[in-house]
Structures are given as C-alpha cells and as structure tokens.
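Okay, structure first, notes after.
Along the sequence shown, residues carry numbers from 1. Reckoned from all heavy atoms, side chains included, excluding hydrogens, waters and symmetry mates.
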Amino acid sequence: MDEIIARIVTNLEAHLPISQPFLIDLETLLDYTLNTNDTIDLENFYNEMSSRNLSLNSLTDAISSAMDSGLSSINSILASKVYLSLLLSPNSPVFTLFTPMAFLSLLRAIRLAFKNPSLVSKEGSGSRSPGRKKKGRRNVGGRKSSAGNSVNLENEGSYDVKDLFLLLDNLEKVLCLVHLNRFPDCLKALVHTVCEIPTTAVELWGDLGSFRRLCELCSRLLSEALKAEHGNQGDTAAEVLKALAPLILFSRSQVRSFGLDFVVNRMLGMGESSGDIRKAVVNMPKFLVNKAPEKAEPRAFAVESIMEIVKAFDFDCQVEFADYVVKMSQGKGQFRLLSVDLIPVIMMSIKDPLGFDMVDGVENSWGLRLLEALIQRCSDLTAGIRARALTNLAQVVMSLSGNDKSRTVLKEVMGFGHEGVNGINSILKLRCMDEKAAVRKAALLLISKLTALLGGELDEELVKTVGMACSDPLVSIRKVAVSAVSEAFRTYSNCLVTKEWVHSIPRLINDNETSIQEECENLFLELFLDRVSRAGSRCSENYDSVPHDTKSKKNSAGMEKAEFLYPEGVLELLKEICHGEVSPWVKKICSSLGKKKKLKPKIATALQNIIKTSESQWLNHSMSIEKWTAPAGAWFLLSEVSAFLSKTVDWNFLLHHWQLLDKCKPVCEMKSPFEEEDVDEEMVDVESNSVGWVENRVFLLQTISNVSMELPPEPAADLAQNFLKRLEGFNMHSTEVNAHVKALKTLCKRKALNPEEADSLVMRWVNQLQSKAFQVLDSYLSKISGANKESAFRTPHTGVTQKEPGKADKLLSQAIIAVYTIGALVIVCPSANLKTIVPIIHTIITSASCDSKSSKLPGPAVPVKQSAPDLYIQAWLTMGKICLADGKLAKRYLPLFVQELEKSDCADLRNNIVVMMADFCVRYTAMVDCYISKITKCLHDPCELVRRQTFVLLSRLLQRDYVKWRGVLFLRFLFCLVDDSEKIRQLADFLFGNILKAKAPLLAYNSFVEAIFVLNDCNAHTGRSNSNSSRNENCLFSIRGNDENSRSQRMHIYATLLKQMAPEHLLATFAKVCAEILAAASDGVLSLEDSTGQSVLQDAFLILSSKEIRIQSNHGSSSSESPADIEDDGGDNAGASTSASKGRTITQAVRKGLIQNAIPIFIELKRLLETKNSSLIGSLMDCLRILLKDYKNEIDDILVADRQLQKELIYDMQKYESLKAKTTAAETIQRSEAFYQSPHVVKSKLHKKVLQSNCKVASAVADAVAEATARSVLREVNKGAVTTPLSAMSVPKLKSRTGGPPGEATNGGDRAAEVIESLRRRQSFDSDEEN
C-alpha cells in the first residue's frame, strides 16, 4: 500500500492530468479500507498529503475533473466510484470532501453514462443489444487478475452495468451522511437526474429484472431526498412531482409504471406523516392536466395516468378534483377537451357518482355536476369537443343505467320530457344535423345507447332526424344511423318508431355501399320477417284463447285483443310497407333474399295464418263477409315471398279467397271488430274499401301466378278461362287489369309444353282482347258522334232528355278500361298487331284539336277531352306505350306529346307525359334530345307533383348520361333550390351538394356568372335580345326584382354553387365576377339604367362580400383549427399538412394579385356610380369595406405604395358611414316625433327642444362613428405602423389612371382599356363534358 500511496501523492503533487492508473490506485486503497475496515493506510495517505502541503480540496478537484473528463474512457465512472467511496470511508472528513461542484459533476457523469448505452459492456447484466458483437468485460474495479497484479485494459472506454448499480447504491448511502438542505441546487439536480435515469435506461435494458432493480434504486434515492433533513418537504415533493410528470405522461408503459408507482405508493405513504407531501401529491393531477399533450393517443395515456393517481386519493380529494374538472370544462379548448375525456373515467372509477349514499342527497352529488358539464360540452363551439362529449356521454349512460334508480336520475338530469334547448332531445336534434361528420356520428351513437334509457320517450322530431341520417352522404354515418334506428325499433315497437324504421331502412337496399345493402337485408330479415313469422305462428293459438264477445263495444278492449292476436305491432308493420315510397324497396329486398335462399317457409305460413285469423275474427263478430278485407300488407308481402316459396302456399287457401273476392263486391269500407262503433251505426267511404278490395285481388292474382307451377291442371285451366272472361268484360279497376294480364301470361307460359306454344297461346288471347277492346271503343265513339249530330240540328228550345244515363256511364267506363287494357297488352306482347287500334286511339287524342268552326258543323267530331277527360288521359298513356314498342310510330307522334305537354291544362296528363318522355329518352335518346328544353319547363309547372316528378326523372337521366348538362338545363335546375315545395328543395340540395359535386365538379364554376345574368333576366352577357317566346321561357326561370325575398332566393342559389367549388375555383370566380360584371359596368357594357343590370351589379357586390367566396388565409394552424378538429380528420396528417402549406402559399400569391387587380375596378366603378348618383354606391361601399378587412394583408401593399389612394378610401368610407349613421338617426328621431305627436303625449316646448337636441347629438355621433369605422378598417390594414417612404421601398408605385398630374379630375371613360382587358385573360377550366 505504501507504494500505491506514494504514486497517488506524487501525481497530485505534480498536478498532472488524472490518468486511469491513478484512479485505479486510489480505488484500490479505498476498497481495501472499506473491506477491511482498517483506516491505517488511509490515515497514512492523509498524513502524506499533509506533509507535502496538499489539501483535501486538491484531491476533490482532481477527482471532479476526472468525472468531467467525458466518456472517451472509463475515467468518469471510475472517478465517480472513487469519489463516493472516499465519502463513505471510515473517519472520512465528509464536510471537507463534499463540495457542490463535485456533487454536480458526479450527477453529470451518471446521466451521461445512461445516455450512452453503447459504452456499456453487458456481460453479466442479462441482456445484449441486437446486432452488437460481444466484447470483453473491463475489470474497472482495479482488482487483480488470477495471473497476477496486472489489469486487463482491453475494450478501453467500456464499463460494466453493475458499476452503475454500485454507484446508485453508494449515492443513497452518501445521502444519509450529507444533508442537502444547504445545497438546494444539488438537491434539484439530484431529483432531475434520478427521474431521468428510467427514461434513458429503458432503451438499454431488455431484461425486465435489471430494469426493475434500477427503478427500485431510483425510488429509494427519491424517498431519501424527500426526507426533512434535505430541506422543506413540500418544495422537494413539488420538484420531484414536476420531474416525474414527463415520465407519467410518457407512452412507454415501464417508465410510466415507475412514475405512477412512486407517486401512488411511496409519496402517498409518506404523505400520511407529512402534510406538505400530501398536499403536493393532491395537486399532482391538476399539474398533469396542464401538461397533458393535445394529440389523441398521448392524451388518452395522460387521462389514464391522472386517474391512477386520483383513484388512490381519499373521497374528499376525489370530489375536489371532480369539481376542478368541472371548472376545466369552461376553460380553453385543450382543457375542455381533456375534461370531456376525464369525466366518464371519473364517473366510472369512483363509487356512488350519483350520490345515493350521500347525506346531502342526489341533488348535490359531484357526479351530477360532472354529467351536466359533459352535456354542456355537447354544444361546444369546437366540433372535436362536441363529438368527443357525445361519445363519452354514451359511455356514461351505458355504465350508469344499470338499475331503475340510476335511470330515473339520468332522465331527470338529461332533461327527458322537458321542452327547451337544454334537453338532450333538443341537443341531439341539432347534433344529428351538425356540419361535422364526427359530431353526427357521435350523436347517432349516443341515440342508440340512449334507447334503453328512454323507456319509449323518444321525441318524434328526433326519430325523424335519425331516419334522415340514414341518407347521409358518408357511409360511416349511414351505418351508425341504421344501427340507432334499428336498436330503437328492436327495443320499442311503437307506431312512431315503426313508421320511421320502415321508411328509413328498406330504402337502403339501393345504397351504393354493398355492406349497407347486406345490413339492410339482415335487419329486414331479423326485425321484420322473423317478427311476422312469430306473430303468424302464434295468432291462431291466441285466437282460440280469446273470449269471443260479439257485443263488446269498447275500443280499448278491442285494441287489447288485436295486440294479443297480433303481437309485436305486426299489423302496424304490415300496414306501413304498403306505402308507395316503401313498397318498391320491400319488393327488391324480398327478391334479393329469395335469390340468396334466405326466405324461410314459415313466413309464408305465418302470412296465411294472419289472413285466416282476420277472416275468422270478422265472422265471429257476426259481420258480413262482403265487407271484410285482409290486414293491410298481408297479401302484398305474401305475393312477394310466394315467388320463392311456392310450395308453401296452400292452393285451397288461394282458391277460397279468390272465390270470395271474385264473388263479393265492396259495399262499404272494412270495419274492424276491435273498433268502438258498430258497422251499422256509421256509413263509411265506398271508395276507400274499394281500393283495399282491389289491392287484395291484385296481390292475390300475383300470388296465384307465382305458384301456378304447383297448381293442378284442371283448376289452372279454369282459372285462366276465368281471367280471360273477366278481362273481356272491361269492368275492372285498372290495377286489376295489369294483374290479370300478367297472371294470364304466366299461366300460359308455365302450362305450355314449349316456348312456341306459350307464345302462340299468348298471341291468341291478346288478339282476342284487342278485338273486343276495339269494338267497345268504336261503339262509344259512334254513340257520342251520333249525339253530336243530333244536337247540331236541334233548336235551342228543344228539350234534351237522357234516356239511359246509367248505360252511357257504363259504356264510358268500359271504354276507359278498354283503352287501358290495350296498353297493358302492348307491354306484355310488343309484337301484337296494332293496325286497327292506332287509328282509333289517334282519333281520341286528336279530338281536342278540332277548331271552333268545324265543331259547329255536323260531322264526326268527337270532343272526348271535354266529355270524357279520363278516357282522353288514358288514350295518351296507351299511345305512349304503343310508341315505346314501335320506333317509327314514336317518331311521328313525339311532336304531339310535346305539344300536349305545353298546352294541356290537366296536371294528371302533364305528369303522365313527363313520365313517357323520360321513357322515350332512354329508348330513343337522340330523338328526344331536341325537346329537353320543352320538358324542363315542367320544372316550373303550377302542380307540385309534376315539378317533383320532372325533377326526379331528369336527375336520373342526367346521372345515367342520357341527358347532358347543356344549354339551359343546368340554369333551370337552379330554380328548384328555391322551389315553394320543401321536398323539392331537399331533393335539389342533395343533387347539387352530393351528386353533382362528385360527378361534375366544374359545372358550378363554369356556369356561375351566366347564372347571375339568367336569374336576373338580364341579356347583357349575350349581347343580343331574345325572341318573345325565348324571353317568356327565361322569365319563368328568373327571379328578377330587388325586393328582399327575390334577393334572398338568388343569394341562396349563389351560396349553394359556391359551396361546391374548390379554393382555386373560388379565386377564379372572384376574378370572373370582377372582370365580366364590375368591369363591364364601368365600361358601359352592362347598362346601369336598366333595372336588371342594377340587380346583376348588386348581386355581384353581395357575392364578393359573402362568406362562401372567401378563402381563409391560415397563417398558423393554431389560430384557425383546434387540436380536436384536426384529430377528427384522421388519416395521414403529415402529407396533408405539407400539401396544405403548399396550397396556402399558392393561394396567398393568387389572392394578392387578384385583389390588386380588383381594387382599381372598384375605385373606377365607385366614381362612375357617384356621377350617376346611383343607389348602388351603398352596396359597393359595403362590399369594399368587407374586402378591406378580409384581404387586409394583400391590400396593405397597395395602400403603402399609393398614399393618395389610402386617403381617398378613408374619406369615402367616412362619408358613407356618416350618411348611413345619420339616416339611421333620422329614422329614430322620426319615430320619436311620431310618439310625441300621438294623442297620448302632451305637446310642449320642452319636447321640441328635446327633439332638436337629439337631432344635433345624433348628427355629431354619426360623424364620430363614421370616422371611427373608417379609421378602424384602415388601422387593421396598416396595423398602426408608420408608412415607409417610397424612396426606401422596392415596391413600384402604381401608375395614375390618366397619366396626368395628381389631383386632376379624371373621366372614367378615358382610362386605358388594357387594365380591364388584362383581367379578362384568365385561366379557363374545361368542363367534364368537354373533357
């Protein structure tokens, strides 16, 4: 040892750089002393240093410099071990050896050791870094090898992991000796170093056991630092918690577990004996709230960590934090979002959130305060927060609705049954129509979860809103809406929910998304067909157990019996599928399910049982069978499913009901045995029962045709003969005619031996029926022709008597059915010979064209249109069917159809012709193309049905490309956006907002300026005057006028078009409006003397100042979008942000050039309007003021370069604002004068002085307000900065508009035409059609 001591002292005395052998010698000395507890050698070392005048500080400084030497060698770790061993050696002068600088160097060496894992040799540590070669372990302890006293110096610069554990262990022992209360910086550095170690070490150790040992050492060090000996415990605890916050919010589970474990287990345990530590820990969740990240996934980790700490608190502290979260919900956006995430976790983690066990009662529970705050956030200004609040509210409802008591409290808090904006029904109605998709989706999800809680208290408007969401443009929204409506229908089958489900779900079978179609089929199978099957299988059993009281008159008892016989609301469900808007989708669903073999035989059996039970119940109430009809929808559904379940339908059942319906004629409307009044007590509408009776026959006929292959031969032949006989009578309803014809054709085809025989049979009875129909029509026309001849020679005084009025009516009825039958025959057999039929149909449809002179003379003129309008309408319909089968005939009669469409005063006929023209357009596209403008006139038809039919049919043709968006078609469709009918407006909004936006995105841009002129009925853009007929057509589709209603309608159309445009198209539209309208007005091309020209110019001002045409120049995402909004978009944010940045740069450059070209046009136009003293100057100034605010950054360069222009704008705006304010003040004074002049007010001089004083004050105030307004606008532009002299700027000064000296009066017509001409050289966007 003497030799080692001599070498150490010599190195210290020579002041040489600390070397590794020096540290090894010192470590050997200290290890020997610590292991043997013999202090003689260490005392000799101190004495030797004293004899050579070396102080202990020199030793400390040398070791400190070695710890700071970096990691090029093992010196720093070795020096750290030596320093700690020196402090821990027996009889060590600790207060002399411990210095703040040395301690900070020690902590720095430890931190750097963990930050550089590549220098650690992991032999013996239990893990290796992947891909690293195995290196020899460095013996850094200075211990002798087995071969002698030499030290292995291989792999210099690496050290053993065990050395780090030894360092931390010795550091804990040192803290027991040295109190850091006198060294606050050392204590702070220690805390941060220890808290930093797990974060850096988690990448170093793959071995979980080693990492756990390291975390245990760190916990012991922090616990030691929290002792009172090292300073104020509250301050130290705050510092520890502040250092642990990044670890707790860190996403790596091991590091986060270490931080949470120390706070929850160690610090809370220490807090029991220290109030300062407990206070700091209680405030820790609030601190984490302020440090929580904004992105979704890290925020979720933060919420989880916060709740781990809160759950360890006592109840009072938990309630205190809950109240803090309530206050957070009223704060900034990030805090509101975090509070929304915290509320459901708090309510589901802490017991008794609704306060059932509290002394204060439920009203004062902390859970209700949280729940109310969450409901308020459902109406937050930020869309992301609204969506998150709705989603979390659904979680809360699901977790708290476990028992009746909780559900009652939830209903009360959420406002069920209360009207007003704060009730959950009102909130959900607004959120289901929210502009953000994430909010709509969350609202629908909440509704589906609330269904069990509502207990049937669904709001009618809310249910309809959810039903409308099933047609949302987004697939995800439609799926959630389908789930919400179906969950409500599955739980509560009341009339309201049943009706909405039937009208919302089946139509989705036509959805573009295949998964939604499959979901629609599955739901229809589960919630409709299976329900009907269950009800049908039980109705016959239930009927036997019902007491048959024929004298019962009470409606409530009857309804109870109906519900018992037909459970689960099956009667209402079957009734709803008969609706005209639902039945087509039901047919398609049944067809799809049948093709996939998903229809079960029990559904057909159940429907037969329902019909049988209804008939038996009717007869048991002693009612006439002639007045009975089956439950609505039963025959309809059976007719659809029987096509795939033909073997399940009983032939005797069909034969019995066919004989019953064929024998019985409807006398009065069906009366249910469950209703209150007896049938004999009230006369009912015959026509209503007739419709139900006819529908039953039609669906029965369809069912018979579906199961015809299963019929016995003889009954099938008899049935076909019966069908033909009934058709020859021409006395059926038109709907029955189609059913009989189709059934007869089906029977012939299925019973024939081969196709040729089937076609021969069909052609035979078709010709037979045509011959019979011709005879009926010829007889009727001959009769009315003869009557006309007799009346032509009869004097006015001759009395005309109707000998057989009943016979004439019967003949007319037969003629109508005969014409309709001819059309039905043409559909089923297009190859039939119609040479004898066409002339007689032609005679009927052209009878109205006879002029007045010929009608006065005797002859064969037949005024069918006046005498038999129904026959006239049916004749046109039949001729349309004939033309669909014969192209040559269609070419001849197409002009007649168009002529009748324009001249007919019958809405039914116009509607039928529109439908026929749509069919012609599909069959003969080129032939009908020239008549499209005539057809579009029906978009302005006085009848709503004709308008809606025209809109729907043309929209379908446009989507299928049978019709192109050419000419006036698009401009006339715009009129539907402001139609008087709400249904048509909704259809138009969907067409322009969804279909056209995807199919023809450039259509709105290319036709926008033209639409402005057309809607105002202005021809300035065409340069020529239209003919009278063309002008009359244009007037139909114009909204001319400057009244408020007309202007608001035009602005609604403009706004709809602008919403469909991309940002670059909005900028181009801005330029086109300036160049083609404003510049045209200043050039005199657009006349300002004409009222239509003034309307166009005023619309242009309103468009340029509207919010729809603005493009927000986002100079920072934080100012324009919240994190919640950004996270809702999802997807690849990095690529989107790069593209957005590039787009903003281009947009800002275009905006700048655009507004710099537009401002001179505004100035020139303003001067022109001033010379004409036009009333449009007000609109121009309003528009200019808005542009100065919206484009303040771009206009800034103009105003800086042209100081005179800035002064002019300030003066003009101040003048205009003053005039407007004075006008407003004058109107107020006039109202005051009217008040004083009323008989209820006593006149006096004082009143007149008051009025005069008010006028002066109002005038002064108006001037002040005008000046302040003008200055504020320009102040926003210049930001109050001093204008830079032009000599010091590189911005070129704008040329004068005249080239003359400044201030000289100019004439608008002398301005160079190149300025306006340059604006017209704009980029053109070709339409999709041209591409």
For Arg531 and Glu526, what are the C-alpha separation, side-chain angles and deciding distance, and is it a salt bridge (charged side-chain N to carboxylate O under 4.0 Å, His left out)?
-> CA-CA 7 Å; Arg531 184 175 296 195; Glu526 173 198 353; over 6 Å; no
With side-chain contact (heavy atoms from CB on, under 4.5 Å) as the test, would you mind laying out the steps for Ile822 and Leu777 before giving the verdict?
-> CA-CA 11 Å; Ile822 293 172; Leu777 290 175; 3.9 Å; yes
May I ask you to decide if the ring planes of Trp501 and Phe528 are parallel, tilted or perpendicular, using 30° and 60° as cut-offs?
-> parallel
List the atom of Ile611, the atom of Ala634, and the distance in Å for their closest heavy-atom pair.
-> CG1-CB, 3.8 Å
Take Lys575 and Leu571, measure what side-chain contact (heavy atoms from CB on, under 4.5 Å) needs, and give me the verdict at the end.
-> CA-CA 6 Å; Lys575 181 180 179 181; Leu571 289 182; over 6 Å; no
Taking atom types as modelled, is there a side-chain donor on Thr735 or Glu695 under 3.5 Å from an acceptor on the other?
-> no
Within-4.5 Å side-chain heavy-atom neighbours: Ile603 and Asp530 = no
Criterion side-chain contact (heavy atoms from CB on, under 4.5 Å) on Ile610 and Val532, from CA distance to verdict = CA-CA 9 Å; Ile610 291 175; Val532 173; 4.1 Å; yes
Would you indicate whether Met468, at its atom CE, is surrounded by more than 12 heavy atoms from other residues, nucleotides or ligands within a distance under 6.0 Å?
-> no
Would Gln814 and Tyr780 satisfy side-chain contact (heavy atoms from CB on, under 4.5 Å), going step by step from the backbone distance to the final call?
-> CA-CA 9 Å; Gln814 286 183 334; Tyr780 175 75; over 6 Å; no
Correct closest heavy-atom pair for Gly467 and Glu500 would be CA-OE2, 3.4 Å
Just checking, is any N or O donor in the side chain of Glu572 or Thr498 under 3.5 Å from an acceptor N or O on the other one?
-> no
Should Cys470 and Ile505 count as side-chain neighbours, where that means a heavy-atom distance under 4.5 Å?
-> yes
Do you know the tightest heavy-atom contact between Leu637 and Cys590?
-> CD1-SG, 4.0 Å
Looking only at heavy atoms, what is the nearest atom pair of Cys748 and Ala758, with distance?
-> O-CB, 4.0 Å
Met763 side chain reached by Cys829 side chain, heavy atoms, under 4.5 Å | yes
Side chains of Ile816 and Val819 in contact at under 4.5 Å (non-hydrogen atoms) | no
Value for CD1 (Ile577) from CZ (Phe524), rounded to nearest 0.5 Å, stands at 6.0 Å
Least distance between heavy atoms, Arg948 atom then Leu987 atom | CG-CD1, 4.0 Å
Can you list the steps and then say if Trp658 with Phe723 is a ring-ring contact (aromatic ring centres under 6.0 Å, His included)?
-> CA-CA 11 Å; Trp658 170 253; Phe723 288 168; 5.4 Å; yes
What closest approach, in Å, do Ala739 and Val698 show between heavy atoms, and which atom pair accounts for it?
-> CB-CG1, 3.7 Å
Can a salt bridge be assigned to the pair Glu944 and Lys983 using a cut-off of 4.0 Å between side-chain N and carboxylate O?
-> no
Indicate the ring-plane relationship of His657 and Trp635, choosing parallel, tilted or perpendicular according to the 30° and 60° boundaries.
-> perpendicular
Is the NZ or CZ atom of Lys881 positioned over Tyr820's six-membered ring, under 6.0 angstrom from the centre and within 45° of the axis?
-> yes
More than 12 heavy atoms of other groups within 6.0 Å of Lys612 NZ = yes
Would Glu487 and Arg490 count as a salt bridge (charged side-chain N to carboxylate O under 4.0 Å, His left out) if you check the C-alpha gap in whole Å, the side-chain angles of each, and the deciding distance to 0.1 Å?
-> CA-CA 5 Å; Glu487 184 63 29; Arg490 185 182 289 110; 3.1 Å; yes
